[in-house]
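Notes follow once the structure below has been shown.
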There are 2 protein chains.
Amino acid sequence: MTTQTAKSTKDRILDAAEALFAEHGYDGTSLRGVTGQAGVNLAAVHYHFGSKAALFEAVFRRRVEDVNAERLSKLDELEARGPEHPPSLEEVLEAFLGPVLRLSARRDDEGWRRFMQLVGRCNSVSGEHMEPLRQVFQQVAARFFPAFLRAVPHLREKDLYYRLHFLIGSMSTLIADPLRIQIHSEGLCRSDDPDEVLRHLVIYAAEGFRAPTPVR
Amino acid sequence: MTTQTAKSTKDRILDAAEALFAEHGYDGTSLRGVTGQAGVNLAAVHYHFGSKAALFEAVFRRRVEDVNAERLSKLDELEARGPEHPPSLEEVLEAFLGPVLRLSARRDDEGWRRFMQLVGRCNSVSGEHMEPLRQVFQQVAARFFPAFLRAVPHLREKDLYYRLHFLIGSMSTLIADPLRIQIHSEGLCRSDDPDEVLRHLVIYAAEGFRAPTPVR
DNA sequence: GTCTATAGACTGATAGAC
DNA sequence: GTCTATCAGTCTATAGAC
């Protein structure tokens, strides 16, 4: 039996704001649109959050910790096996990508998909009040950097920076619009199966990371 | 000697709109901001273009043909060598990526960099009036599809759809914010050298494309 | 073609009753 | 905490003089 009470005004605002910010961006979303969809009064958003910018930040803070903690915890697990069992490149890739792709495809919580859409968007939109979001994800990437370097020791740091950037680009477009790969492939690629997407991306990126260093 | 006359009102509006749309997005850009930066009257934009949406479309139409014609012409060159000299995977990748990355880094025309920023953004923003732009680029990708398939014949169509999508994601983030790779790598990667970026991406993607087909 | 002036609607934010 | 009412500013778009 679900004893879940009706959601609070605050949560209803957060849910509606998350959906609208993800769909239309910061500037394309009005507080009236948010409160209309949430079924609450316009003044409530200022009472609970203070301003539109603060609401946006609250939307982002609600989930960002969970996803990145999961990625770092998976990395910790890999490194806890000790120096005689270093994690493979594929394992590091899965820890880096898996939580993001799986949360983005969760069917029981549409909010996660929307949040990930927002995260993917922040990787191509510069001034849209997403600098804090971007920074947090960048810190996680920096934590993974040495793990990747150990898994692909023939690379110079410069090469790894490039390849990690390429990888983040692929991941970002996947979560910014998960349905697109399915549409463009006319249904051949299934967006609703994160494990399949993950499998393909890990194989692709692993070979890419193992490519030789450019000579010139 | 440069006999370049002063730019017309129409061109000044297009230049300012391109810069502001690229920087702040469609909703984040006001016509007053555009006309202010262009040094023209607000009513001029409606006289020359009719509406904000039409101005956005004009900004996009001004350049989109050039870049994609260059990519397709390079592909035609490769295929004109005849069936006994099929283009290599690296050659197809360079035709697909080269024009985009080089125009994005042109130093003599800041407008191209801004336009490419807009293109990169359109790959992660869904509703921002960029569907036409996205469609045009998608058509080019579809033209390249069989060329890639011939260059990597061991792949199933499904695998190629995935990998092409991954590649487009990498390319999009590169042009959406060319400086980021340089900042994150603390200067190790040079954003102002498109040939270096291209070299790294081609090597990375070529090995990724050559990866074996996932088994399961 | 370029300008001023303004219409008409929407924006984020706030004051104050309950 | 939630509401109404409203402020002050912005927005796109247009009418009409020059």
Side-chain angles (χ1 to χ4, degrees), chain A residues 4-62 118 121-122 125-133, chain B residues 4-62 118 121 125 127-133:
Chain A
Q4 185 181 350
T5 57
K7 278 186 176 171
S8 69
T9 296
K10 205 167 172 175
D11 283 335
R12 303 239 299 289
I13 293 174
L14 282 171
D15 290 340
E18 184 173 63
L20 290 175
F21 282 140
E23 181 89 9
H24 303 107
Y26 183 83
D27 292 311
T29 299
S30 71
L31 292 183
R32 282 172 171 79
V34 170
T35 55
Q37 177 159 325
V40 305
N41 189 272
L42 171 63
V45 61
H46 289 101
Y47 174 81
H48 286 286
F49 300 97
S51 71
K52 182 183 181 180
L55 169 61
F56 183 85
E57 197 182 319
V59 165
F60 134 66
R61 289 206 184 281
R62 181 166 63 149
L118 212 56
R121 184 186 278 240
C122 93
V125 176
S126 29
E128 214 177 344
H129 299 118
M130 325 192 98
E131 303 309 317
L133 213 175
Chain B
Q4 186 180 349
T5 57
K7 278 187 176 170
S8 68
T9 296
K10 204 167 172 175
D11 283 335
R12 303 238 299 288
I13 293 174
L14 282 171
D15 289 341
E18 185 174 62
L20 290 175
F21 281 141
E23 181 88 9
H24 304 107
Y26 183 83
D27 291 311
T29 299
S30 72
L31 293 183
R32 282 173 166 78
V34 171
T35 55
Q37 177 158 326
V40 304
N41 189 272
L42 171 63
V45 62
H46 290 101
Y47 174 80
H48 287 287
F49 300 97
S51 71
K52 182 183 181 179
L55 170 61
F56 183 85
E57 198 182 318
V59 165
F60 135 66
R61 289 204 184 283
R62 181 166 64 149
L118 210 56
R121 183 186 277 242
V125 176
E128 214 178 345
H129 298 97
M130 325 192 98
E131 303 310 316
L133 213 175

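Values in this document were obtained by computation on a predicted structure and should not be read as measured data. Below, chain A is the first sequence line, B the second, and so on; all start at residue 1.
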d([atom1], [X]; [atom2], [N]) in whole Å:
| X | N | atom1 | atom2 | value |
| --- | --- | --- | --- | --- |
| A:Leu55 | C:dT11 | CG | P | 15 Å |
| B:Leu42 | D:dG16 | CG | C1' | 15 Å |
| A:Asp11 | D:dG1 | CG | P | 13 Å |
| A:Asp27 | C:dC10 | CG | C1' | 14 Å |
| B:Ile13 | C:dG1 | CD1 | P | 12 Å |
| A:His46 | C:dA15 | NE2 | P | 11 Å |
| B:Leu31 | D:dC11 | CG | C1' | 9 Å |
| B:Tyr26 | D:dC11 | OH | P | 13 Å |

Mind listing the closest non-hydrogen atom pair of A:Ala17 and A:Leu55 along with its distance?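 The answer is CB-CD2, 3.8 Å.
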With a 4.0 Å limit, can you tell me whether A:Thr9 has a side-chain N or O closer than that to the phosphate oxygens OP1/OP2 of D:dT2?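 Checking A:Thr9 against D:dT2: at least one side-chain N or O falls below 4.0 Å of OP1 or OP2.
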Phosphate-side-chain proximity, A:His48 and D:dT2, N/O vs OP1/OP2 below 4.0 Å: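 So the side chain of A:His48 is within the cut-off, an N or O lying under 4.0 Å from OP1 or OP2 of D:dT2.
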Between A:Lys52 and A:Asp27, is there a salt bridge with N-O shorter than 4.0 Å?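 So A:Asp27 does not pair with A:Lys52 through a salt bridge.
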Should the ring pair A:Phe21 and A:Tyr26 be called parallel, tilted or perpendicular, given that the plane angle runs from 0 to 90° and is split at 30 and 60?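 Aromatic pair A:Phe21/A:Tyr26 classed parallel.
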Pairs satisfying ring-ring contact (aromatic ring centres under 6.0 Å, His included), at least one member in residues 30-49 of chain B, at least two apart: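 The answer is none; no pair qualifies.
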Most 5' of A:Ala44 and A:Arg32 on DNA chain D, judged by nearest nucleotide: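 Nearest-nucleotide comparison on DNA chain D picks A:Ala44.
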So what does [X] touch, heavy atoms closer than 4.0 Å: a base, only the sugar-phosphate, or nothing?
| X | value |
| --- | --- |
| A:Ala43 | base |
| B:Ser8 | nothing |
| A:Thr35 | nothing |

Option from A:Thr29, A:Val45, A:Leu14 for which side-chain contact (heavy atoms from CB on, under 4.5 Å) with A:Val34 holds: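 Of the listed options, the one satisfying the test is A:Thr29.
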Of the nucleotides D:dT2, C:dC3, D:dA13, which has the atom closest to the B:Asn41 side chain?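 Taking heavy atoms from C-beta onward, the closest nucleotide is C:dC3.
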